[in-house]
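So the structure is just underneath, and the comments pick up after that.
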Amino acid sequence: MFKKILIANRGEIACRIIKTARRMGITTVAVFSDADRNALHVEMADEAVRIGAALVAESYLKGDRLIEAALASGADAIHPGYGFLSENPDFVEAVEAAGLTFIGPSVQAIRAMGLKDAAKTLMEKAKVPVVPGYHGEAQELVVLAGKANEIGFPVLIKARAGGGGKGMRLVHDAKDFAEALSAAKREGKASFGDDRVLVEKFIPSPRHIEIQVFGDDHGNAIHLFERDCSLQRRHQKVIEEAPAPGMHEEMRQAMGEAAVKAAKAIGYSGAGTIEFIVDGTDGLQPNRFYFMEMNTRLQVEHPVTEMITGLDLVEWQLRVAAGEVLPLKQEDVSIDGWAFEARVYAEDSQKGFLPATGTLSHLRFPEQFVRVDSGVREGDTITPFYDPMIAKLVVHGPDRATALGRMEAALAQTEIVGVTTNIAFLEALCRQADFARGDVDTGLIDRNLEQLNTRELTPDLFIAVAAIASLKPGRFSGSQDPFDTLGIWSHWAAPKRVVHLASGEDFHELAVTRLSRTQWSVTAYRDVGSTLAPVFMELLSSANDVMRVDINGTLLNIRYLRDRQTLTLICQGKAYAFALPDISTADMEAEDMGDRIVAPMPGVIKQINVKVGQSVSRDMPLAIMEAMKMEMTLAAPRDGVIAEVLVAEGDQVTDGDLLLSLEPVEE
Ligand code: ADP
Ligand code: ADP
Ligand code: MG
């Protein structure tokens, strides 16, 4: 076995590999770019080597620097992780030429699967079913258009060197073929420097089911069952699961055998994935799955396979690369229960899944019933340089429903502040009816996008708590705790502050009134469209960022997390995010100290103590109001003379109503 390995990657996968290497007693060398100097994978590794600037082209894609770093640190082997150089045959050749072991398949195997047309021809020869289509030499329009007619529309034109969904064009009608062909060729040329294409039958609403395979250098190859990755957005996987819903033994055996045949056809060694497209319109049928491509590396979603088999695929990769025989035979592996993986990303699902950046000012993952593969810690920054994945949440359960329930709970209990994430979107997906039933296909997310992006309105109660929590400590006195601040808040009258909050599209201008030491009310202040109904609550305590409130006899513990411009409340596994627009509250404070006495909430005037023309001194009780079954005293905000009394005893008033006013102060 290797003594020391270099991990030519970053983020969660680098951390994931380090964990297994450490367990196996192998020393690890991390590499980092300037943007990753303080990254988790650097901290976790035994050693770390700087390889260049932040841009991947200057660091993680610099094969020569990676090899130099491996040689300089005395590593025996390089693990490429996924992405970056993991499927680059030139890199593998250079690694081997330097006398190092590449932890992955041979150069020949990577080359054989590198181009979609050659791979398909190879698979046809090996009697692995491929999507009906043309993947020959000819590239002339007349030939390809003729083939498209033979295949039958709709067809898919794919750049043979394509990846990540690029260089692909769907054509529904013969008249559009020529234009789509030039577009696919242009994109293939621009992205991969290769304009050759293939044409294949487009399978409507297919499922993406892939088989994990493993081979060794002694001619053995087995499969570790399937993963269903049909939940995709723009050909990117979102939630993966194993086994596949609706899978039955006959189908599994057929797909498993085809995958092993594919691996054996190229003498495959190490971990690989055979991606199949499955026409699932009439359930899973053994004559309706087709080879799509092979990924000659560890897959992002490999943990779901680990969860159902109890195996460590990175350990297997290391053993096989070190020349060992596969640890188990086909008949020794079996499936236990069900597993899901959700990819938690820094992205805004409401804004076209735009990648988000920012600092993770607060980051908590649940600890029970979930495996968290992450490469970041609280305080780390999601930069524009790399994939904005924050973590993979992986759950397991005895059956699909239990596992899915655990996923939903794990997502609900994940607390991330500082960066916009897709967590709410993933939660909505977990609750989506077709997915919950196991009725999945690659179009599910697009068909339900609007529903998946619909957010429940934030309940008034949390808007009110947010308004209180938004009051900055120390703003009204020197105290650090906004709720125990004496001074104006301890006043026996009813001091009030105006707070501005945005919750999604809704903007609120709210009046927060401290009615007594523990009692607070929050009402919509000016009529700016806030539909908040008055909320009255008792704030029992607030310590360690947790407010304990009593609302109509219900006790709630609400965690609040403040960030310069945002406030997040977390309660009973749900997060509520608010933006705090930087609007000065000066006008309200001036008003408080000023001329007007306004009803802080709806209620009835019980008593009026003053008349027009009467001199009053600051804090003198002017009127008593009854609201929410309690009395509150309205006090004079300053010394002065009463100018107007606009209400009488017994009047019903609503919040914001002007009750009394003072003569303006002469300058
Ligand atoms: P998977 O099926 O494992 O998700 P993908 O093809 O989506 O496979 O890629 C796996 C990871 O590698 C993704 O995080 C993706 O962003 C990254 N990746 C894919 N292609 C490249 C590339 N050419 N360069 C860098 N990273 C890549
Ligand atoms: P890439 O190399 O870009 O990942 P793939 O050939 O693996 O390209 O296809 C990516 C995705 O496109 C698949 O996961 C599937 O959703 C869709 N797709 C590919 N081929 C077909 C097809 N023949 N019919 C329908 N959808 C397809
Ligand atoms: Mg693919």
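Just follow the structure's listing: the first ligand is 1, and inside any ligand the first atom is 1. As a basis for the values below, the full set of heavy atoms in this structure was taken, side chains included, without hydrogen atoms, waters or symmetry mates.
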- [ ] Answer yes or no: does an N/O atom from Ile203 fall short of 3.5 Å to an N/O atom of ligand 2?
- [x]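 Yes; at least one N/O pair falls below 3.5 Å.
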Only heavy atoms count here, so choose which of Lys116, Glu275, Lys158, Met292 is nearest to atom 8 (O) of ligand 2.
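Among Lys116, Glu275, Lys158, Met292, the closest heavy atom to atom 8 (O) of ligand 2 belongs to Lys116.
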* Asked: Out of Lys237, Gln232, His208, whose heavy atom sits nearest atom 16 (O) of ligand 2?
  ->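 Among Lys237, Gln232, His208, the closest heavy atom to atom 16 (O) of ligand 2 belongs to Gln232.
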Atom indices of ligand 2 within 4.0 angstrom of [X] heavy atoms, with elements:
X	answer
Met168	3 (O), 8 (O), 9 (O), 10 (C), 12 (O)
Ile277	18 (N), 20 (N), 21 (C), 22 (C), 24 (N), 25 (C), 26 (N), 27 (C)
Glu200	20 (N), 21 (C), 22 (C), 23 (N)
Gly163	1 (P), 2 (O), 3 (O)

Check whether the side chains of [X] and [Y] place a donor and an acceptor atom closer than 3.5 Å, and report yes or no.
X	Y	value
Gln212	His223	no
Ser269	Asp216	no
Thr420	Asp348	no

TODO: Specify side chain, backbone, both or neither for Thr442, according to which of its non-hydrogen atoms lie closer than 4.0 Å to ligand 2.
DONE: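 Side chain only; the backbone of Thr442 stays clear of ligand 2.
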Is atom NZ of Lys166 surrounded by more than 12 heavy atoms (other residues, nucleotides or ligands) closer than 6.0 Å?
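Result for NZ/Lys166: open.
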**Message:** The criterion is ring-ring contact (aromatic ring centres under 6.0 Å, His included); which residues satisfy it with His41, sequence neighbours excluded?
**Reply:**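 Testing His41 for ring-ring contact (aromatic ring centres under 6.0 Å, His included), a comparison that skips the adjacent residues, returns none.
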Whether Lys392 and Glu301 form a salt bridge (side-chain N of Lys/Arg under 4.0 Å from carboxylate O of Asp/Glu) is what I want to check.
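The answer is no: the pair does not qualify as a salt bridge.
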